[in-house]
Amino acid sequence: MAVIGILDVDLCGPSIPRMLSIGRPDVHQCDSGWVPVYTDAAKTLALMSIGFLLEDPDEAVVWRGPKKTAMIGQFVSDVAWGELDVLLVDTPPGTSDEHLAVLENLKKHSRVDGAILVTTPQAVSTGDVRREITFCKKTGIRILGIVENMSGFVCPHCSECSNIFSKGGGEELAKLTGSIFLGAVPLDPLLSTSIEEGKDFIQSFPDSATFSAISSISQTLLESLQTA
Amino acid sequence: GAGSPHANDCPGTTSEQAGKSSSCAGCPNQKICASGATKAPDPAIAEIGEKLSTVKHKILVLSGKGGVGKSTFSAHLAHTLASDSTKEVALLDVDICGPSIPRIMGLEGEQVHQSGSGWSPVYVDDNLAVMSIGFLLSSPDDAVIWRGPKKNGMIKQFLRDVDWGDLDYLIVDTPPGTSDEHLSIVQYLSSTHVDGAVIITTPQEVSLQDVRKEIRFCQKVKLPIIGVVENMSGFVCPSCKNTSQIFPPTSGGAERMCADLDLPLLGKVPLDPRIARSCDEGKSFINEVPDSPAAKVYQSIVQSE
């Protein structure tokens, strides 16, 4: 079984603990550093997030850049991840302290395989992702591909597809910037509900078109990581 | 490695505790703060107070989470306020890394000019001005890869060096979070009167979780909260007219949160594909589709403010 780690460096808005239904366990130390929080008894999915370090879940992390940089440095260097097949890093929007910090610290320890860029179909979204692509090029991160999220909604009542957040932006962006288009993920209220309730969407709703989209994107990514 | 992990707050570079608080341990700036160099008040604060004394109302638009429609709201709030031609309105975009406002306002490719009285903002209409770092970038691919201090400097310039003139309303659109941009905006506006903040959310708990943090931020920096707007609140299928909750309010949505925290819920804006299209085309959704349910909610929100 693959062992995956998730590093959540969205310090102001750490959502991953809730999405994986982890709550707020204490973070302990061992000889090799801080022990990440495992989502399962078999320890196949490990997570570190500032969400675990807050006494009060509604407490705001009101930090300027230098303190965020220092915390992220600790997350990368001081967490005893152990042997991982993949470390996924979830970032906040932007091209600033968090992004620079996580990249600089990761590079000290190992190779960074690349970045996945997530957009919605709208020009307003792809407009920002263009700048994110420039960030990757300037910092030397390989772009593994672009994912278009919230790509259409199929009405459960009449099956009509509505392009709520416009259409086609992800693929256009990929063409424009010479990047791989990994795929489009449609909106599914069941995904939102699963995430809120900490359910495993993939286990609960395997017939969802959203699931097949995510699944096929993951496959493509894994293959590209193996051939790198 | 470090000692036990903790997550305490930065006391602020100008606080008495700067560099001396327990939460300063490990911060790269600790020595500088402890030396007292950062405590002298920034003269820009008084200058900005002076400059913006002719701005009657200042409203910050905040969100905890990204992607909830903050910039969409800020832009349409500005349009709605400016529909009264007797009012002077300005929209300041301090999302330094992801400046969406130029596109949403139909001002892509515009550049900022300098004059004797400072930088002139870009005008959408006679009574509606906009400023964004987007106007200072020469290409849509340019990335602003700046750390906190440089972003703060830019925000200071936007407030001090832009020739806003006399304004009835200054709306400030922010990036998501509770970090440099937010602290700076509050700090640099501290010699002026700020009406307060409008906080944008979607119905999901994952979004509300971050809004609660944003509310704590406002309380911490003593920024009044005008109210909360819930975006993406239901979707009416244009074909069969049935409503779907695409982002279900699993914990009661903004309605329950506002009731719990005794905050005004200013409105619930439904999803409408025409909103995204208007934003992409740089048009005002309020003008394009004035009879849509979403446009009506915007009108009522503005009236209630």
Side-chain angles (χ1 to χ4, degrees), chain A residues 12-13 15 18-19 27 29 33-34 50 53-54 57-71 74 77-78 92-97 99-100 120 122-124 127-128 130-135 138-139 153 155-158 160 162-166 187 189 192-193 195-197, chain B residues 1-2 4-7 9-10 26-29 64-67 71 97-98 100 103-104 140-149 151 175-180 183 204-206 209-210 212-214 216-217 220 235 237-240 242 244-248 250-251 271 273 276-277 279-280:
Chain A
C12 296
S15 307
R18 168 110 196 176
M19 292 182 177
V27 172
Q29 279 206 286
W34 306 351
I50 203 169
L53 306 181
L54 299 171
D58 294 338
E59 188 185 325
V61 173
V62 185
W63 292 357
R64 289 192 185 268
K67 191 141 192 217
K68 292 195 284 187
T69 297
M71 181 95 261
Q74 290 191 287
S77 309
D78 299 342
T95 52
S96 188
D97 296 275
H99 314 85
L100 289 166
T120 63
Q122 290 171 274
V124 166
D128 280 351
R130 281 178 81 163
R131 305 187 198 279
E132 204 71 53
I133 288 172
T134 303
F135 171 85
K138 287 205 159 150
T139 52
F153 173 65
C155 177
H157 303 277
C158 69
E160 170 93 0
S162 288
N163 293 311
I164 300 180
F165 299 110
S166 202
L187 281 161
S192 187
T193 310
I195 279 173
E196 303 266 278
E197 296 174 357
Chain B
S4 298
H6 65 277
D9 294 309
C10 168
C27 175
N29 285 349
K65 199 120 213 74
S71 297
C97 297
S100 318
R103 174 179 282 275
I104 297 174
D141 292 313
D142 283 348
V144 181
I145 308 175
W146 290 359
R147 293 184 194 269
K151 293 193 283 187
T178 51
S179 188
D180 285 277
L183 284 167
Q204 305 148 284
E205 172 56 26
V206 161
Q209 200 179 23
D210 288 349
R212 290 190 200 100
K213 294 175 199 277
E214 203 70 35
R216 288 287 177 89
F217 167 81
K220 204 180 211 100
F235 172 67
C237 176
S239 179
C240 71
N242 280 294
S244 294
Q245 292 296 336
I246 298 187
F247 301 112
T250 56
S251 61
L271 277 164
R277 198 181 317 144
C279 288
D280 278 1

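Chain letters run A, B, ... following the sequence lines, proteins first, then strands; residues in each count from 1. These numbers were taken from a predicted model, which means no experiment stands behind them.
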Enquirer: Please check this pair: side chain of A:Thr134 against backbone of B:Asp141, looking for a donor-acceptor N/O pair closer than 3.5 Å.
Expert: yes
Enquirer: Keeping the roles fixed (side chain from B:Ser179, backbone from A:Arg64), state whether a donor-acceptor pair exists under 3.5 Å.
Expert: no
Enquirer: For B:Asp210, is it the side chain, the backbone, both or neither that has a heavy atom under 4.5 Å from a heavy atom of chain A?
Expert: side chain
Enquirer: Which bit of A:Asn163 comes within less than 4.5 Å of chain B, counting heavy atoms only: side chain, backbone, both or neither?
Expert: backbone
Enquirer: Could you label the plane-to-plane angle of the B:Phe247 and A:Phe165 rings as parallel, tilted or perpendicular, counting under 30° as parallel and over 60° as perpendicular?
Expert: tilted
Enquirer: Decide yes or no for A:Pro92 and B:Pro176: does some side-chain heavy atom of the first lie under 4.5 Å from some side-chain heavy atom of the second?
Expert: no
Enquirer: What are the two closest heavy atoms between A:Arg131 and B:Ala143, and how far apart are they?
Expert: O-CB, 3.2 Å
Enquirer: Is any side-chain heavy atom of A:Cys155 closer than 4.5 Å to a side-chain heavy atom of B:Cys240?
Expert: yes
Enquirer: Shortest non-hydrogen contact from A:Val61 to B:Thr178?
Expert: O-OG1, 2.8 Å
Enquirer: Using non-hydrogen atoms and a 4.5 Å limit, figure out which bit of A:Phe135 sits close to chain B: side chain, backbone, both or neither.
Expert: both
Enquirer: For the interface with chain A, which of B:Asp142, B:Val144, B:Asp180 has the highest count of heavy-atom pairs at distances below 4.5 Å?
Expert: B:Asp180
Enquirer: Just by distance, do the side chain of B:Glu205 and the backbone of A:Glu196 share a donor-acceptor pair under 3.5 Å?
Expert: no
Enquirer: Hey, are the side chains of A:His157 and B:Ser244 touching, using non-hydrogen atoms and a 4.5 Å cut-off?
Expert: yes
Enquirer: A:Thr69 versus chain B, heavy atoms under 4.5 Å apart: side chain, backbone, both or neither?
Expert: side chain
Enquirer: Of the listed residues (B:Gly148, B:Pro140, B:Cys279, B:Pro238), which shares the most heavy-atom pairs with chain A below a 4.5 Å separation?
Expert: B:Pro140
Enquirer: Return the option, out of A:Gly33, A:Ser192, A:Gly65, with the maximum number of heavy-atom pairs under 4.5 Å with chain B.
Expert: A:Ser192
Enquirer: For the atom pair CD1 (B:Ile246) and CD1 (A:Ile164), what is the distance rounded to the nearest 0.5 Å?
Expert: 3.5 Å
Enquirer: Side chains of B:Lys65 and A:Ser15, heavy atoms from C-beta outward: is any pair under 4.5 Å?
Expert: yes
Enquirer: Determine whether A:Val62 and B:Arg216 make a side-chain contact, defined as any pair of heavy atoms from C-beta on separated by less than 4.5 Å.
Expert: no
Enquirer: Can you check whether A:Cys158 reaches B:Asn242 side chain to side chain, under 4.5 Å on heavy atoms?
Expert: no
Enquirer: Which pair of heavy atoms, one from B:Asp280 and one from A:Val124, lies closest together, and at what distance?
Expert: OD1-N, 3.0 Å
Enquirer: Heavy-atom distances under 4.5 Å only: say whether B:Arg277 touches chain A with side chain, backbone, both or neither.
Expert: neither
Enquirer: Find out whether A:Ile195 and B:Gln204 are in side-chain contact, i.e. whether some heavy atom of one side chain is under 4.5 Å from a heavy atom of the other.
Expert: no
Enquirer: Heavy-atom pairs under 4.5 Å with chain A are the metric here; pick the option from B:Gly66, B:Pro273, B:Gly67 that has the most.
Expert: B:Pro273
Enquirer: Name the region of B:Cys237, side chain, backbone, both or neither, that has any atom closer than 4.5 Å to a heavy atom of chain A.
Expert: side chain
Enquirer: What are the two closest non-hydrogen atoms of A:Met19 and B:Val206, and how far apart are they?
Expert: CE-CG1, 3.8 Å
Enquirer: Only pairs of heavy atoms separated by less than 4.5 Å count here; which of A:Ser162, A:Gly94, A:Ser77 has the most with chain B?
Expert: A:Ser162
